[in-house]
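Worksheet: the structure to be examined is printed underneath.
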Amino acid sequence: MDNCTLPSQFLLRSILLCFLFGLSIGTELSFVTCGSVVKLLNVKHNVRLHSHDVRYGSGSGQQSVTGVTSVEDSNSYWSVRGTGGEACQRGIPVKCGQTIRLTHVNTGRNLHSHYFASPLSSNQEVSAFGEEGEGDHLDEWTVECGGGVWARDEAVRFRHRSTDALLAVTGEQYGRPIHGQREVHAMAGAGPHGLWRAMEGVYMKPSENALGNRDYSHSHTEF
């Protein structure tokens, strides 16, 4: 398994392993690449996609996914990975229309959706599912953007491949034990509620090695 692309138990461990494997700091990338570990901001509601080892009390009972206003929370880091049917080579820019998995770094579970109703809005529930990055076909999301690749300064959409619903936030807030966190769900016709931007993270960058071949093992870190 590739420790720089698959999730580990803790974010710090994941980042340190990447540097121990010979990664260096590069110049800022203008696009999101495979293997990067990023935070995703919902542009409309100014919350970052978040998860934690708290399960839904209804619906699937799987690990909950929410939106948080905190910038520093390490539970908001997600690893950009390929799927069983579509490879995602480390350092390669993610193409518009490409299907990916987003794996929660601290728990190793994948962003997931299905036809259970979400607890607050009764839209389609979004959860975190699987173990150590291994889940199922309901973990697959297609990146919808306007150019050839997923640009970091562009607001993009994530369409759930199996149900055709869009990842979204519409503002509903939870009470205890996750007071103030926003519900994240999937829905059709999400409009501005379904726009996301890549923010802080460790961005894997391609570089030229001494032999002139492409080397996809370098990174740009931005916290």
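FYI, side chains are in, hydrogens and waters are out, and symmetry mates aren't considered; it's all heavy atoms of this structure.
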*Compare all side-chain heavy atoms of H114 with those of T163 and state whether any distance is below 4.5 angstrom.*
no
_Quick test of your reading of the model: are E200 and R48 salt-bridged, counting only N-O distances below 4.0 Å?_
yes
_When you compare the side chain of S118 with that of Q124, does any pair of heavy atoms fall below 4.5 Å?_
no
*Taking the side chain as every heavy atom from C-beta outward, state whether H52 and Q181 have any pair of such atoms under 4.5 Å apart.*
yes
*No-hydrogen, no-angle side-chain donor-acceptor test under 3.5 Å, T170 and E172*: yes
*Connected via hydrophobic side-chain network under 4.5 Å: F31 and V80*: yes
*Please list, chain by chain and in numerical order, all residues satisfying side-chain contact (heavy atoms from CB on, under 4.5 Å) with E86, sequence neighbours excluded.*
T83, Q98, T99
*Please examine the side chains of Y174 and V54, heavy atoms only from C-beta on, and report whether any two atoms are closer than 4.5 Å.*
no
*Step by step, work out the side chain to side chain contact (heavy atoms under 4.5 Å, CB included) result for E183 and V169.*
CA-CA 6 Å; E183 181 185 86; V169 176; over 6 Å; no
*Judged by modelled atom types alone, do R109 and Q63 share a side-chain donor-acceptor pair under 3.5 Å?*
yes
_Quick check: do T103 and W78 have side-chain heavy atoms less than 4.5 Å from each other?_
no
*Keeping the roles fixed (side chain from K39, backbone from V71), state whether a donor-acceptor pair exists under 3.5 Å.*
yes
*Given side chains that start at C-beta, do those of D73 and H50 come closer than 4.5 Å, heavy atoms only?*
yes
_Residues in salt bridge (Lys or Arg N to Asp or Glu O under 4.0 Å) contact with E140, at least two apart in sequence or another chain_ = R161
*Is it possible for you to say whether V126 and L40 belong to one hydrophobic cluster, with membership spreading through side-chain heavy-atom contacts below 4.5 Å?*
yes
*Testing S64, S60, S58, S113 for side chain to side chain donor-acceptor pair (under 3.5 Å) with E125, which one passes?*
S60
*Give a yes-or-no answer on whether the side chains of T107 and D53 include a donor-acceptor pair shorter than 3.5 Å.*
no
_For the student: nearest non-hydrogen atoms of A155 and V43, plus distance_ = CB-CG2, 4.1 Å
*Less than 4.5 Å apart, any side-chain heavy atom of V68 and any of V47?*
no
*Output, in order, the C-alpha distance, side-chain angles, deciding distance and verdict of side chain to side chain contact (heavy atoms under 4.5 Å, CB included) for L111 and L49.*
CA-CA 10 Å; L111 190 70; L49 188 67; 4.2 Å; yes
*Check for a donor-acceptor pair, side chain of Q62 on one end and backbone N or O of S127 on the other, with a separation under 3.5 Å.*
no
*Got a donor-acceptor contact below 3.5 angstrom from the H104 side chain to the N110 backbone?*
no
*Distance under 6.0 Å and angle within 45° of the ring axis: does R152 meet both against Y203?*
yes
*Any donor-acceptor pair under 3.5 Å linking the side chain of Y56 with the backbone of V65?*
yes
*Indicate, with yes or no, if V184 and V143 share a hydrophobic cluster defined by side-chain heavy-atom contacts under 4.5 Å among Ile, Leu, Val, Met, Phe, Trp and Tyr.*
yes
*State, to 0.1 Å, how close A165 and A186 come at their nearest heavy-atom pair, and which atoms those are.*
CB-CB, 3.6 Å
*With sequence neighbours excluded, give me every ring-ring contact (aromatic ring centres under 6.0 Å, His included) pair touching residues 124-155.*
H112-F129, W141-H160, W150-F158
*Is the shortest heavy-atom distance from the side chain of N42 to the side chain of L167 under 4.5 Å?*
no
*Taking R101 for the side chain and G133 for the main chain, is one N or O donor matched with an acceptor at less than 3.5 Å?*
yes
